[in-house]
Amino acid sequence: MSSSSQATSSKSGVTRSISITSGKGGVGKSTMVANLAAALSRSGRRVLMLDGDLGMANLDIMFGRRAQQTIHQVLFDGARIEEVIMNVAPNLDLIPGGSGIYELQRLPPALRQGILDQVSDLPDDYDFLLIDTAPGIDDNVLYLNAAANEIMVVVTPDPSSLTDAYSLIKVLNQRHRENKFSILCNMVRDDREAMAVFQRLSEVADRFLCVSLTYRGFVPMDSGLNKATKLQQLALDFNPRLPASISIQQIAKKLSGFENVQEVKGGIQFFWQQLVGVA
Ligand SMILES: Nc1ncnc2c1ncn2[C@@H]1O[C@H](COP(=O)(O)OP(=O)(O)OP(=O)(O)O)[C@@H](O)[C@H]1O
Ligand SMILES: [Mg+2]
């Protein structure tokens, strides 16, 4: 890890882990993780991203980098976690996930303890851990979500995105007893459409499940963001005045100000304990 990543830290004391997930693919999870992480780190927060999307691991590319090593090398080739963590911008680090992420839950006890020992040596001054997941209700996605403090479900106005979000919430509730979720509405026309999407999901959830959904904000459909993606740039860098960039910065600001530490299940160590199945 480069020393620039140690720059300013707000030192709030507890790392908030947030998984950014969805039932349906292509709703903008990786885009939200990369841009929210960039916005948070630029406001002085220390942020760690975990790329938990096996098939489409692409956070490194979004930051113009290519991961040389992943968790896989930690598990099978004797690399140490701190060697795998990449500093991609000031205050912003990335753990490239690769296939090793899902092996974590099936480790023999000795290896498991080795990972936990390494994690306890990691700097514990991250304010946020943002986890990018694959879409869907695969066991691997569920367990990454269940390890996080906050499960942020990304939905779009597409009806199948809503039904798939509902299915994801339902199985996380039934199999992992998760009962709190936050909702980010992406690719909407405006805040009215975002609220309508949120309400549609809340109504069904209220009727059939015992869960509470919190509205985290919206990001509008923005062709500028698409252009940025094609140029492999973050929307925030491409043009901070894009409607999508402005919304993302607002959500980051809300997350930063949201110091509800009572609800935090534990710091970064706790997250890793959940991952390797000892908590
Ligand atoms: N608000 C938006 N406006 C316009 N385009 C968007 C918006 N959000 C995301 N996109 C575009 O949608 C596409 C999918 O985004 P992204 O890869 O972030 O989705 P994902 O949910 O991570 O997908 P997957 O499920 O495959 O991992 C990208 O081309 C991205 O630029
Ligand atoms: Mg993705």
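When reading the values below, keep in mind they use all heavy atoms of this one structure, side chains included, and skip hydrogens, waters and symmetry mates. Atoms within a ligand are numbered from 1 in the order they appear, just like the ligands themselves.
Within the listing of ligand 1, atoms 1 (N) sit less than 4.0 angstrom from a heavy atom of V219. Within ligand 1, counting atoms from 1 as listed, the ones closer than 4.0 Å to a heavy atom of G25 are 25 (O). Residue L225 has at least one heavy-atom neighbour below 4.0 Å for each of these atoms of ligand 1: 5 (N), 6 (C), 7 (C), 8 (N), 9 (C), 10 (N), 31 (O).
Using a distance-only test at 3.5 Å, with no hydrogens or angles considered, a donor-acceptor pair links the side chain of S167 to the main chain of T163. S245 contributes a side-chain N or O that, together with a main-chain N or O of A235, makes up a donor-acceptor pair within less than 3.5 Å. For the pair D164 (side chain) and Y166 (backbone), a donor-acceptor distance under 3.5 Å is absent. The closest donor-acceptor contact from the side chain of N179 to the backbone of S212 lies at 3.5 Å or more, if one exists at all. Remark: side-chain polar atoms of Q73 are paired, donor with acceptor, to backbone N or O of T70 under 3.5 angstrom. At distances below 3.5 Å, not a single donor-acceptor pair connects side-chain atoms of S41 with backbone N or O atoms of V47. Proximity of a side-chain donor or acceptor of N149 to a complementary backbone N or O of S17 within less than 3.5 Å is detected. A donor-acceptor contact shorter than 3.5 Å links the side chain of D60 to the backbone of A67.
Between N186 and ligand 1, a contact under 3.5 Å exists for at least one N or O pair. Considering backbone and side-chain atoms together, D222 places an N or O closer than 3.5 Å to an N or O of ligand 1. Considering backbone and side-chain N/O atoms, K24 never comes within less than 3.5 Å of an N/O atom of ligand 1. Residue S30 has at least one nitrogen or oxygen atom sitting less than 3.5 Å from a nitrogen or oxygen atom of ligand 1, judged on distance alone. Where the criterion is an N or O separation shorter than 3.5 Å, residue side chain and backbone included, V27 meets it with respect to ligand 1. No N or O atom of M221 sits closer than 3.5 Å to an N or O atom of ligand 1. Taking only nitrogen or oxygen atoms, main chain and side chain alike, S22 does not reach within less than 3.5 Å of ligand 1.
Contacts between P220 and ligand 1, counted as non-hydrogen atom pairs separated by less than 4.0 Å, involve the backbone only. Residue T229 touches ligand 1 through its side chain alone, judged by heavy-atom distances below 4.0 Å. When heavy-atom distances to ligand 1 are checked against a 4.0 Å cut-off, A244 has no atom that comes that close, whether in backbone or side chain.
Atom 15 (O) of ligand 1 has its nearest heavy-atom neighbour, among L242, N58, T31, T21, in T31. The residue from G28, S223, A134 that puts a heavy atom closest to atom 19 (O) of ligand 1 is G28. Comparing L59, N226, I248 against atom 5 (N) of ligand 1, the shortest heavy-atom distance belongs to N226.
Residues in residues 193-227 take part in these ring-ring contact (aromatic ring centres under 6.0 Å, His included) pairs, two or more places apart or across chains: F198-Y215.
Because the distance cut-off is set at 2.8 Å, N58 fails to qualify as a neighbour of the Mg ion (ligand 2), as none of its N, O or S atoms comes that close.
Using a 4.5 Å cut-off between side-chain heavy atoms of Ile, Leu, Val, Met, Phe, Trp and Tyr, L242 falls into a hydrophobic cluster with L231, F238.
Remark: R16 fails to qualify as a cation-pi partner of F128 under the 6.0 Å distance and 45° angle criteria applied to the six-membered ring.
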